Amino acid sequence: MNDCIKTLMSHRSYRKYIEKEVDDKDLNIILSAAQAAPSWIHGQQVSIITVKEKTRKTKLAELCGNQEHIKQAPVFLLFCADFYRAKLASELEGNSFEAIDDIDSVIVGATDVGIALANAITAAESLGLNIVPIGGIRRNPLEVITLLELPKYVIPISGLCIGYGTEDPGLNPRLPKEAVIHNEKYNHEQMSYLKQYNETYREDQLKKGNKDVTWTKRISEFYRASHYNNQYADVPEMLRQQGFLCKDVKKDGAV
C-alpha cells in the first residue's frame, strides 16, 4: 500500500484545532491540487474562496450553524460551483447561455466541486494537516453570497476547515463493502448488511463516549423531514437568485 492510499484510508474529520498557522507553501499546494482535478468538458466549473481573516471566519461560523471549528481553523476554504466564467465566455463569443437553465448544470457544478474538494482533502492530509468538510455553508447561502460577494451563476456548495487538529476522533467504521460495491447491477437486498453495520456503528459510538445509537436510527432521524422547511430553507431561493432555474424540459424540447 503506497503513501497516497494510506492517506486516503486513514481519513478523519477534526473539529478542534490548535492556534498554528498553515504555511503558505502548503496552502498553495492544496489549492493547486484542487485546481488540478478533472471537470466536465474541462469547463473548470469551480472557484475556491480562501478565508483567513478572523472576523470573516467568525461570521461564516455563525452562518454555518455556529460551528466553532470554522473559527478555530487557521484556513477556511469555500468551494463554489462557478458558471460565471462560462457566462463570460458566452458573451465573448457572442453565444447564448441557455444550458444554465437545465437542472443538469447544478449536478455538473456540484460534481466538479466534489472532485476538487476530494483533491484538496487528500493533499492537505498528505501534508500532515487535518480537515473537516462543512456542508452547513448552505444553511444561510444568501448571506454567504453577500458576505463573499459571489456573482450571479456562482453558488456555495461546501466549505473546508484546514489546520492542525487536536483530539484525534479516530476512524469511523464504514458500511460493509457488499452494501456499497455492486457487481454488474444494483443489489437491492441490503437489510442484513445494515443490521450488521448497526452493531459495528453502535459499538464504535459507545467506545468513543458518544450516545447509544445505531446508524439507521441516526440516518432515519436526519432524513425524516424536509430540510427545506428548516435548516436549508433558502437553497431554492439561492439557486433562483444566482440564475439556476432548473427548468423542466420535456422530451420534445418545450419548457
Side-chain angles (χ1 to χ4, degrees), residues 13 15 40 45-51 53-73 75-84 86-87 97-118 120-121 131-162 172 210-211 213-249 255:
S13 288
R15 291 176 173 83
W40 177 260
Q45 287 92 196
V46 178
S47 278
I48 306 168
I49 314 294
T50 303
V51 181
E53 200 273 317
K54 289 185 178 180
T55 303
R56 189 169 285 108
K57 278 194 301 168
T58 298
K59 182 61 178 176
L60 285 170
E62 175 190 326
L63 295 176
C64 291
N66 297 311
Q67 298 194 50
E68 188 69 21
H69 34 281
I70 295 176
K71 292 165 56 177
Q72 291 179 359
V75 177
F76 182 74
L77 302 182
L78 176 64
F79 285 75
C80 302
D82 187 340
F83 291 84
Y84 177 69
K87 172 61 173 173
F97 194 50
E98 295 179 19
I100 197 66
D101 292 340
D102 300 343
I103 192 170
D104 193 59
S105 294
V106 176
I107 296 174
V108 165
T111 300
D112 282 359
V113 162
I115 299 171
L117 177 64
I121 289 171
I131 62 90
V132 60
I134 305 295
I137 199 71
R138 302 185 306 279
R139 282 176 179 247
N140 295 284
L142 298 173
E143 293 182 65
V144 170
I145 287 168
T146 299
L147 178 67
L148 302 181
E149 301 180 13
L150 304 184
K152 195 172 182 179
Y153 308 119
V154 177
I155 52 176
I157 298 291
S158 182
L160 183 68
C161 294
I162 301 177
N172 286 325
N210 299 328
K211 66 180 181 179
V213 65
T214 63
W215 183 81
T216 54
K217 175 70 172 175
R218 178 174 175 267
I219 297 305
S220 64
E221 288 292 326
F222 186 84
Y223 283 112
R224 71 176 180 174
S226 172
H227 291 179
Y228 287 148
N229 295 328
N230 43 63
Q231 296 179 357
Y232 297 85
D234 290 337
V235 170
E237 183 182 348
M238 178 265 290
L239 290 172
R240 289 191 293 270
Q241 172 188 291
Q242 297 302 98
F244 296 82
L245 301 182
C246 301
K247 290 182 180 177
D248 183 13
V249 180
V255 176

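Just so you know, residue 1 is the first one in the sequence shown, and it goes up from there. The structure presented is a predicted model; accordingly, all values stated were derived computationally and were not measured.
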Given C161, which of L77, I134, V75 fulfils the side chain to side chain contact (heavy atoms under 4.5 Å, CB included) condition?
I134
Taking every heavy atom of L160 against every heavy atom of A120, the minimum-distance pair comes out as CD2-CB, 4.1 Å
How about Y153 and I100: do any of their side-chain heavy atoms sit closer than 4.5 Å?
yes
Is there side-chain contact between D234 and R138, with heavy atoms separated by less than 4.5 Å?
no
Regarding D112 and Q45, is there a side-chain donor-to-acceptor distance under 3.5 Å anywhere?
yes
Which heavy atom of I162 sits nearest a heavy atom of A73, and at what distance?
O-CB, 3.7 Å
Considering all heavy atoms, the nearest L142-M238 contact
CD2-CA, 3.7 Å
To check you understand the geometry: which heavy-atom pair defines the closest contact between V46 and D82, and what is its length?
C-CB, 4.1 Å
What's the separation between atom NZ in K71 and atom NZ in K54, rounded to the nearest 0.5 Å?
11.0 Å
Which distance, rounded to the nearest 0.5 Å, do you find between the CD1 of I155 and the SG of C80?
8.5 Å
Working to the nearest 0.5 angstrom, can you tell me the gap between Q231 CD and C64 SG?
11.5 Å
In short, Q242 meets K152 closest at the heavy-atom pair O-CG, 3.4 Å
About how many Å separate CD1 of I103 and CZ of F244, when rounded to the nearest 0.5 Å?
12.0 Å
Atom CD1 in I107, atom CH2 in W40: separation rounded to 0.5 Å?
10.5 Å
Surrounding CZ of F97 (heavy atoms of other residues, nucleotides or ligands, distance under 6.0 Å), is the total greater than 12?
yes
The single option from V51, V144, L60, L147 that satisfies side chain to side chain contact (heavy atoms under 4.5 Å, CB included) with L78 is V144
Which heavy atom in S13 sits nearest to a heavy atom in V132, and how many Å separate them?
CB-CG2, 3.8 Å
Can R218 and E221 be counted as an ion pair, charged N to O under 4.0 angstrom?
no
CZ of R139 to CG of L63, rounded to nearest 0.5 Å, is 11.0 Å
Which is it for F79 and I49 under the side chain to side chain contact (heavy atoms under 4.5 Å, CB included) test, yes or no, and what are the steps along the way?
CA-CA 7 Å; F79 285 75; I49 314 294; over 6 Å; no
Taking everything shown except E53 itself, do over 12 heavy atoms lie less than 6.0 Å from its CD?
yes
Run the numbers on I137 and F76 for side chain to side chain contact (heavy atoms under 4.5 Å, CB included), then give the verdict.
CA-CA 11 Å; I137 199 71; F76 182 74; 4.1 Å; yes
